[in-house]
Amino acid sequence: MTARVASWLPLSPGERAVAIEVLTHGPLSRSDIARRLDLSAGSLTRLTKPLIESGLLIEVPEGAALLEVRQGRPSQPLDIVAESRTFAGFKITQDMVYGVVTTLKSDIVARRDLPLTSHDPAHVVDVLGELTDAFARDFPGLAGIGIGLGGRASDRSVVDESAFLGWRDVPLARLVEERTGLPAVVDNDVSALVEAERWFGAGRGLERFAVLTIGAGVGYGLVSGGRRVGTAEDGLGVGRAWIVNPNGPLTPDGERGSAVSLLGIPSIRYQIRAATGRDYSYEEILALAAEGEPMAARVIGEAARALGTLIAQISNFAMPQKIVLAGEGVGLVDVAGPDIEAAILANRHPQAEPVNLETKVSDFHDWARGGAVLAIQVLVLGAGAA
């Protein structure tokens, strides 16, 4: 771990709370921080002094926004210098590693990708190392690495199981640290994406929201009480167990009517290929459906109704303030929005509040950004799932 990162640790619980509050909501005046955390002025001064001295927090120069006047004396708000540290975030897919560099506030400042020619852990670590080396040349102050992938991880260090990589009990964080010399953390990619939305994205400041992802699979995450709800089932692929339409299509795996069979991009492509004998991309299928081609329109219509049903049921049971829809499959909303809306209404009480749905057009670099947020949380603030 670099000396500067180490100088930020360990933080006391009080210091950590202040740092996180400013990072995720700043710049904030001292009175705002004290009110949010129920602290006295003296306690706040005691907690912020070491954070300022370490360089984690700064006082915004006089004349900036949020200056607060108290008996004629300006009080400078506290903020974090986003560019003071950079982090590498990675998303591992079946055939690629997508990488980004972000600031301390998770703004993406660089992107770089490399293909995977093998799922052997040593090869994957080499690819991660090559990308990290390239990033480090442009960002010599790189503070740490966060990695997201489909599968289950424990202690944010070991990949317990990843079906698409064929891995079990791979100590990925340790292997990457040995290769790069930088501290590393690893977690399920959906969990990482939820954390990114909670701290810096669409869920910022919300007590209760859900994230639903559609793409290669179907992912789900829930934030309640301002914290991500972590369970032993994280990374198991809940979409395979959500039966949306028992009479729905079969996938090559023999699943009928599950969320994955209806919404997963591989399943949608399989259905069209089985019916037409032609191998279309997901984007081509959406375009055909938009043009009214019967088979594509039927498959995409079924997917849209399944998505609307899922959104409605999440609203019914989790009662979130917002549902964030993300993933490489969200183009479905543009093509079949009315079908999605009709399914939501059909599965909600007529007098229920409208669903607050935010669709995020994203790519794999947004997933990689989630990995960087893990690094920010764990390596800098020691926050874990705070």
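This structure is a prediction, so every number in the text was calculated from the model and none was measured.
- Using a 4.0 Å cut-off between charged nitrogen and carboxylate oxygen, Lys360 and Asp366 do not count as a salt-bridge pair.
- Under a 4.0 Å N-O distance rule, the pair Lys105/Asp79 qualifies as a salt bridge.
- Taken to the nearest 0.5 Å, the CG atom of Leu116 stands 7.5 Å off from the CG atom of Asp95.
- Within the 4.5 Å cutoff, no side-chain heavy atoms of Ile145 are placed close to those of Phe87.
- Using a cut-off of 4.0 Å between Lys/Arg side-chain N and Asp/Glu carboxylate O, Arg204 and Glu197 are scored as not salt-bridged.
- We find that Asp32 and Arg35 are joined by a salt bridge, their nearest charged nitrogen and carboxylate oxygen being less than 4.0 Å apart.
- Atom CD of Glu53 sits in a crowded spot, with more than 12 heavy atoms from other residues, nucleotides or ligands closer than 6.0 Å.
- Side-chain atoms of Asp155 do not come within 3.5 Å of backbone N or O of Ser157 as any donor-acceptor pair.
- We find that Arg269 and Asp279 are joined by a salt bridge, their nearest charged nitrogen and carboxylate oxygen being less than 4.0 Å apart.
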Do Asp169 and Arg152 pass the salt bridge (Lys or Arg N to Asp or Glu O under 4.0 Å) test, and can you show the C-alpha distance, the side-chain angles, and the key distance before you say yes or no?
-> CA-CA 10 Å; Asp169 302 321; Arg152 302 174 66 190; over 6 Å; no
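- At a threshold of 4.5 Å between non-hydrogen side-chain atoms, the residues Ile58 and Ile52 do not count as touching.
- Without hydrogens or angle criteria, Arg208 side chain to Met319 main chain gives a donor-acceptor distance under 3.5 Å.
- With a 4.5 Å cut-off on side-chain heavy atoms, Leu37 and Glu21 count as touching.
- Across every non-hydrogen atom of Gly370 and Ala196, the tightest pair is CA-CB, 4.0 Å.
- For Arg305 and Glu302, the salt-bridge test fails: no basic side-chain N is under 4.0 Å from an acidic carboxylate O.
- Using a cut-off of 4.0 Å between Lys/Arg side-chain N and Asp/Glu carboxylate O, Arg30 and Glu59 are scored as salt-bridged.
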